[in-house]
Protein chains: 2
Amino acid sequence: MSRIVAERQDVIATLAEIFREHGYDGTSLSLITEKTGLGKGSLYHFFPGGKEEMAEAVLGDIAAWFRTHIFEALRHAEDPAQALEAMFAGVDNYFRQGRRLCLMGVIAASGAHDRFARELNGYFSDWRADLAATLERAGTPKAECNPLAEEIVGGIQGALILARSLDDPGAFGRVLARLKTRCLPFPPN
Amino acid sequence: MSRIVAERQDVIATLAEIFREHGYDGTSLSLITEKTGLGKGSLYHFFPGGKEEMAEAVLGDIAAWFRTHIFEALRHAEDPAQALEAMFAGVDNYFRQGRRLCLMGVIAASGAHDRFARELNGYFSDWRADLAATLERAGTPKAECNPLAEEIVGGIQGALILARSLDDPGAFGRVLARLKTRCLPFPPN
DNA sequence: TCAAGTGTTTACCGATTGGTACAATGACTT
DNA sequence: AAGTCATTGTACCAATCGGTAAACACTTGA
């Protein structure tokens with residue numbers, strides 16, 4: 001188990017960066033072989049379904065990461081306010097302070113978005129739902145939770161695009177800080 | 001002037017929809033010839049630089065539209081609060097209530113983003129600057145204007161991606177409404 | 001020792017890519 | 001009527017696309 005799984009995991013991590021940087025259509029097999037150091041034979045051995053299966057694996061991996069590191073933390077935290085803090089910190093870290101795009105957003109903004117519609121929908125609706133529930137536990141008025149969660153999840157995506165377009169990663173952190181104050185009107189001292 | 005310019009303008013409008021829907025890398029010349037009804041000969045007559053020049057023309061056209069319809073309106077409006085209202089209404093209309101993506105965002109989230117970095121930067125920084133100035137004229141505290149403008153411009157992009165990913169165009173309008181209340185704490189009656 | 005996987009290399013496939021060349025068309029001048 | 005020139009259709013190009021096939025090496029348990 002260990003070695004091949006570990007190697008496949010390494011490949012997935014590399015694939016994620018390639019897709020992030022070049023988009024789905026912009027990622028060619030030759031680019032993948034170059035960056036991973038694996039020939040086509042190996043790639044098709046790991047991913048018989050080709051490029052589409054590679055992207056699916058990457059999206060699944062990302063979804064799993066967010067589920068365990070962000071969403072679960074929101075759900076099971078004792079202190080909701082602290083969990084929200086942790087979410088923003090985790091997001092800032094994951095997206096490398098605005099220097100890294102969100103592959104989900106990249107795919108959503110590409111022509112391949114319908115091919116991965118289920119993954120995209122799951123990712124965003126899970127995040128929205130878990131965030132909304134946590135906001136409610138943190139004392140946010142019930143009617144406010146869903147809209148606010150929507151604003152935050154969307155705001156993060158937009159901030160990433162803005163940061164990249166302005167060539168100013170700091171924009172991400174600034175927006176993130178504003179969004180945080182929005183759901184933590186009384187931040188823990 | 002009239003005919004060829006008009007036709008070129010029609011082509012650009014069609015190109016814009018193609019790029020929006022399929023992204024830069026996902027847009028092939030065969031797809032373009034199919035959707036526009038123009039052969040390669042005509043296309044390369046209008047755009048000798050090929051696909052890249054087509055995308056540049058489209059981005060330039062979009063930038064011009066926003067400049068005249070959104071940014072200028074912000075700058076020269078007598079009533080800033082009313083101009084802000086008009087901006088949100090114009091944006092909601094332009095993006096078809098969340099059913100249409102922003103090509104600037106699409107390009108920014110693609111591998112072609114560095115090829116059009118200048119256009120992207122200009123679009124977003126102009127929008128941010130004009131919006132911030134209008135916010136200040138509308139009475140927003142000076143230190144709040146730039147961050148708030150950043151949040152709004154980014155929030156619009158994120159809302160578009162969210163709406164598409166959730167397959168729920170309404171999410172766009174909901175986020176837009178929230179952003180509007182944020183810069184119009186005392187909306188005009 | 002030997003067979004059975006598990007990976008990997010390499011050559012190859014037809015299709016499509018973005019782009020070029022050029023002759024034919026057509027409208028408008030002169 | 002001749003000439004000009006913007007526009008267009010078509011054939012063609014090398015390069016690359018995603019994907020397949022099969023021979024090859026390496027490890028592994030029996």
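Computed from heavy atoms alone, side chains included, the values below leave out hydrogens, waters and symmetry copies. Letters A, B, ... mirror the listed sequences (proteins, then strands); counts begin at 1.
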Checklist entry - From D:dG18, C:dT8, D:dA6, pick the nucleotide closest to the side chain of A:Tyr44? => result D:dG18
Item to check | Atom-to-atom span, CE of A:Met54 to P of D:dG18 - whole angstrom | outcome: 9 Å
Item to check | Between P of D:dC17 and OH of A:Tyr24, the distance in whole Å | outcome: 14 Å
Item to check | salt bridge (Lys or Arg N to Asp or Glu O under 4.0 Å): pairs with one or both residues in residues 140-158 of chain B, sequence neighbours excluded | outcome: A:Arg174-B:Glu150, A:Arg178-B:Glu144, A:Arg178-B:Glu151, A:Arg182-B:Glu151, B:Arg128-B:Glu150, B:Glu136-B:Lys142
Item to check | side chain to side chain contact (heavy atoms under 4.5 Å, CB included) partner of A:Phe172, the single match among A:Leu166, A:Ile156, A:Ile161 | outcome: A:Ile156
Checklist entry - What pairs of residues pass the ring pair (Phe, Tyr, Trp, His ring centres under 6.0 Å) test when at least one of them lies in residues 101-121 of chain A, not counting sequence neighbours? => result A:Tyr24-A:Phe116
Checklist outcome for this item: Against the side chain of A:Phe46, the closest entry in C:dT8, D:dA6, C:dG18 is C:dT8
Checklist outcome for this item: Sorted by chain and number, sequence neighbours left out, ring-ring contact (aromatic ring centres under 6.0 Å, His included) with B:Phe66 holds for B:Tyr94, B:Tyr123, B:Trp127
Next on the checklist: Please give me every residue in residues 28-43 of chain B whose heavy atoms get under 4.0 Å of an atom in DNA chain C, ordered by residue number.
Outcome noted: B:Ser28, B:Leu29, B:Ser30, B:Lys40
Checklist outcome for this item: The complete set of salt bridge (Lys or Arg N to Asp or Glu O under 4.0 Å) pairs with one or both residues in residues 90-103 of chain A, sequence neighbours excluded, reads A:Glu17-A:Arg100
Checklist outcome for this item: Whole-Å distance, A:Phe47 CZ to C:dT8 C1', equals 15 Å
Checklist entry - Nearest-Å distance, NE2 (B:His45) to C1' (C:dA21)? => result 16 Å
Checklist entry - Under the salt bridge (Lys or Arg N to Asp or Glu O under 4.0 Å) rule, what pairs show up with a residue in residues 41-62 of chain A, not counting sequence neighbours? => result A:Glu52-A:Arg115
